[in-house]
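Letters A, B, ... are given to chains in the order of the sequence lines, protein chains preceding strands, and every chain is numbered from 1. Bear in mind the structure is a predicted one, so any value in this text is a computation, not a measurement.
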Amino acid sequence: MATAAERLANLRSSMSDERRYDPQEIEPRWQQVWADERTWEVSNDPAEAHGAPKSYVLEMLPYPSGEPHIGHLKCYAVGDAIAHFHRRLGHRVLHPMGYDAFGLPAENHAIKTGVHPRDSTAASIASFQRQFRAWGISIDWSRELGTHEPRYYRWTQWIFLQLLQAGLAYRKEAAVKWCPNDQTVLANEQVVDGHCERCGAEVEVRQLEQWFLRITDYAERLLSDLGDIDWPEHVKTMQRNWIGRSEGAEVTFRCVELGVDYPVFTTRPDTLFGATFFVMAPEHPDLLRLAQGTPYEQQVKDYINHALTESSEERGSLEQTKTGVPLGRTVTNPVNGEQIPMYVADYVLMEYGTGAIMAVPGHDERDHAFARAYELPIRRVIEGASEPAPPDFDAGKHGESWERSEQSLPYTGDGQLVNSHADFDGMHNREALSAIVQWLDREAKGHASVNYRLRDWLVSRQRYWGCPIPIVYCGDCGMVPVPQEDLPVELPDIEDYAPRGRSPLAAAEDWVNTKCPACGGDARRETDTMDTFVDSSWYYLRYCDAGNDQAAWDPTALHEWMPVDQYIGGVEHAILHLMYARFFTKALADLGHLDFQEPFRALFTQGMVTKDGAKMSKSKGNVVSPASIVERSGADTARCYILFVGPPDQDADWSDDGVEGVHRFLGRLWRLAVETAERAEVPAASDEADLELSRKAHWAIDKVSTDMRRFAFNTAIAAVMELLNECSRLRDQAAVSTQRFALSTAASLLFPFAPHVCADVYDILTGERVWEQPWPQAEPAMLEREVYELVCQVNGKLRDRVQAPADASPEELKELCLTAPNVQAHLDGKEIVKEIVVPGKLVNLVVR
RNA sequence: GCCCGGGUGGCGGAAUCGGUAUACGCAAUCGACUUAAAAUCGAUGGCCCGAGAGGGCUUGUGGGUUCAAGUCCCACCCCGGGCACCA
């Protein structure tokens, strides 16, 4: 590499009259330096840290499909800026990269084009690698991984077996979405309006044996530990809603005829006296037994069959009128001994609570709608103090008694209990709630209980392109885990990976037929693969010790780096990925493999990039390719623009004109640096201008430093623009040395956003490497001024501005304000009734 | 329906703790350089009135608190996102 002086000499001879900012020349040159010297690699050896604090900066790993898009550029531009900033603050930064390479899109693409997913994935990964290098992202490439590589998924399988051993993985029959045309199970995302995304056939529901992970065991901790992490509030709220904790009671209703107890979960035990019927979900296993021998037996069978084949979209529709069928049986309401009729209805969900509910039509909208449809009794048991009158209420006719009218039901608010029991009537419902639960507890008819919306995680996929589940089925031994030393169970390299009936792997006879690890007899492999979200639930751990082929990780390596200090990614992962990763961390910690509870200490979610206000999509033809921008304007321009256009956590609209503006700015910086580097040392023509430029540089250091910490990259870049504008304005008045200082400071501050041109500018001006310099420090003295502009207001309106000494007393400031010419004009004989003096800012005179 | 974001010039946006609204950039207009254009450099710029000095108005709408409100409070309108028969 030529020295700065040699390069300047070259520039002089090659472009005698004009220097052009040429990112195509600058960017590869610096990328080469960083690649040759492996600048961004970091070791796990704490001895090499020299006491520097660690910082793990991580962007969500990309799903390699096709070319990187503009959203990737934004994500990695944000992450790289933070990584660079932390390095310059003296931290040891881990900033790795990998690929979430298994999954349905690659497989569907493969089925469509006939290219094997292995090949299309490899091509896409190569394209991501090229782009990441071209963007100049500071990645530790020594830790690169792909979740589809056996050396990675060997440990995914190991984790699965750990969970199995701990009882956190289990098999259960479950209803899955089935496309009768493609003969395959579909993921929920592949079902669009009840139809197969690919062929359009109507989707059916099938009962199949599936693998689940017991995330529900962790519901409470996943909820409560949200308090310990620095995540955006809206993401935490989404997770809270998804976990959906409800407090209430479990209450037992007995079917005397059959002698069976049916517990229900309710959040409103205070309305128990208003329960006038009882409803079970169509999937409830006892329905046929209950209906047997009653006049409703056939109706119940028909209803169940119909309900189970209906798609969840149809069933879930709120508009749909409530349907159901009586079971011909009754249960006893435990609080008053009433016999209430039992129904089956599809508005009750089997997966929540106990799959059965007590129906209180007076105080629940759904139960009310059902009661109206089937003419069931509706009883008021709570009276609100300020219930709104029904729209058709006529005060003259009914007096004050409308509250008791059935017209105003259902009422879901708070109030006093009525029509319940002498012990509870008149009580406020909140008090009655706990009183009734205590009573139930004493009578052994119920108890306080908590329910969650969160369901266990269905992880099996009947698909080819995924991590095989390391299980073998033996005729004699049953289900046998593959021993750890036999891992990985490699995904066989089959040609016919199109799904037919069961998993495509079932057709790979050589692979499926195996020996039982326990008894050595004939056995068959599990043919389902794992959901891709399993692969990405632990990759951040593997980066810490990516080369380890003896274990998933060495605990000391994790101890060194985890948890991730700053995680960056799109909000679209607010629930699934971020919940699964938290679950894995907690489960692995419980199994003694980790010594921390939360994987991501801080989270930043970046906004979408749109074009003309719309999401970019191939069908709209409004896709902006990062590669073409980088080719035309350079990576520095592309990265800076995407951060300058607006706050990075908000959506941003792409504008080609805006890109031009940023490109001009970088060009101005570079040209002014080259010109200044060539100038001989000249003292300041104006000491005042010289000081002003120095001050502006220190102001920019201060401004950019605070903006970096609050992810306000747009205003940080604006501050460097202001500094550069000042450099241009004062170029002939300030000393050349001050110019050099100001320009190299600009480059130093902008380096996290535009690393190539800033490395070049810094080198040209100083001969030093900017990434090896500590982050600049503003001198406090340079941030203070001896005079400032005092704002003079009369009655809160700005009337004048005067120069005020920084150390002036409030009295002096008031006097200064009074002498301001335009203030005088507005006082004009009026009486000053109040004076507000805010030193450093303004004086406000209130006159009458 | 419920829960989150957001609404500021022609446009993207700034205003960090209630204290100069419109930083920075784009687009625009004018000027310099040029035979010319591009590139570059310099200047102007919220709206209305005024020759100017200056004045009035302005942060989705309507109210309120305050010496002072884009910022706080109340009510409403619009846009975007998440969840949605979870008992």
Side chain of A:Phe265, heavy atoms from C-beta onward: which of B:rA87, B:rG6, B:rG19 has the nearest atom to it?
B:rA87
Base-pairing mate for B:rC17 - Watson-Crick or G-U, with both contacts under 3.5 Å:
none
Starting at OG of A:Ser420, measure out to CG of A:Asn429 and round the result to the nearest 0.5 Å.
10.0 Å
Could you tell me whether A:Trp457 and A:Phe533 have their ring centroids closer than 6.0 angstrom?
no
Regarding the side chain of A:Met238, the nearest nucleotide among B:rC83, B:rG82, B:rU16 is B:rG82
Nucleotide opposite B:rU65 in a Watson-Crick or G-U pair, distances under 3.5 Å
none
Would you mind pulling out the nucleotide paired to B:rU29, Watson-Crick or G-U wobble, both distances under 3.5 Å?
B:rA43
Nearest to the side chain of A:Arg453, heavy atoms from C-beta on, is which of B:rU40, B:rC83, B:rG25?
B:rC83
Nearest-angstrom distance from the residue atom CG of A:Asp270 to C1' of B:rA87
12 Å
Is A:Thr706 touching bases, backbone alone, or none of the nucleic acid, heavy atoms closer than 4.0 Å?
nothing
Counting only side-chain heavy atoms from C-beta out, which of B:rA27, B:rA14, B:rC67 sits nearest to A:Ile836?
B:rC67
Which nucleotide, if any, forms a Watson-Crick or G-U wobble pair with B:rG1, using both distances under 3.5 Å?
B:rC83
Using a 4.0 Å heavy-atom cut-off across all strands, classify A:Arg240 as base, sugar-phosphate, or nothing.
nothing
Would you give a per-nucleotide map of nucleotides 53-58 of chain B, 5' to 3', where B means the base has a protein non-hydrogen atom under 4.0 Å away, S means only the sugar-phosphate does, and - means neither?
-SSSS-
Can you figure out which of B:rA14, B:rA27, B:rA23 approaches the side chain of A:Asp657 most closely?
B:rA27
To the nearest 0.5 Å, how far apart are NE2 in A:His284 and OH in A:Tyr262?
6.0 Å
So A:Gly244, base contact, sugar-phosphate only, or nothing? Heavy-atom distance under 4.0 Å.
nothing
Between CD1 of A:Ile717 and C1' of B:rG13 the distance, given in whole Å, is 13 Å
Calculate, to the nearest 0.5 Å, the distance between atoms OH and CD1 belonging to A:Tyr641 and A:Ile70 respectively.
9.0 Å
Ignoring hydrogens and angles, write down the donor-acceptor pairs under 3.5 Å from the side chains of residues 241-249 of chain A, residues two or more places apart or on other chains.
from: A:Arg245; atom 1: NE; to: A:Glu220; atom 2: OE1; distance (Å): 3.0
from: A:Arg245; atom 1: NH1; to: A:Glu247; atom 2: OE2; distance (Å): 2.7

Quick one: label A:Val846 by what it contacts on the DNA or RNA (base, sugar-phosphate, nothing), any heavy atom closer than 4.0 Å.
sugar-phosphate
Please report whether the ring centroid of A:Phe753 lies less than 6.0 Å from that of A:Phe713.
yes
Please classify the nucleic acid contact of A:Asn714 as base, sugar-phosphate, or nothing, using heavy-atom distances under 4.0 Å.
sugar-phosphate
From the set B:rC24, B:rC41, B:rG6, return the single nucleotide nearest to any side-chain atom of A:Gln650.
B:rG6
Check: B:rU16 base within 3.5 Å donor-acceptor of A:Lys703 side chain:
yes
Please work out whether the ring planes of A:Tyr343 and A:Phe277 are parallel, tilted or perpendicular, with thresholds of 30° and 60°.
perpendicular
Considering only heavy atoms and no angle criterion, is a donor-acceptor pair shorter than 3.5 Å present between the side chain of A:Asn844 and the base of B:rC67?
yes
Just wondering, do A:Phe665 and A:Leu724 contact through their side chains at under 4.5 Å, heavy atoms?
yes
Report yes if a side-chain nitrogen or oxygen of A:Ser655 is closer than 4.0 Å to either non-bridging phosphate oxygen (OP1 or OP2) of B:rC11; otherwise report no.
no
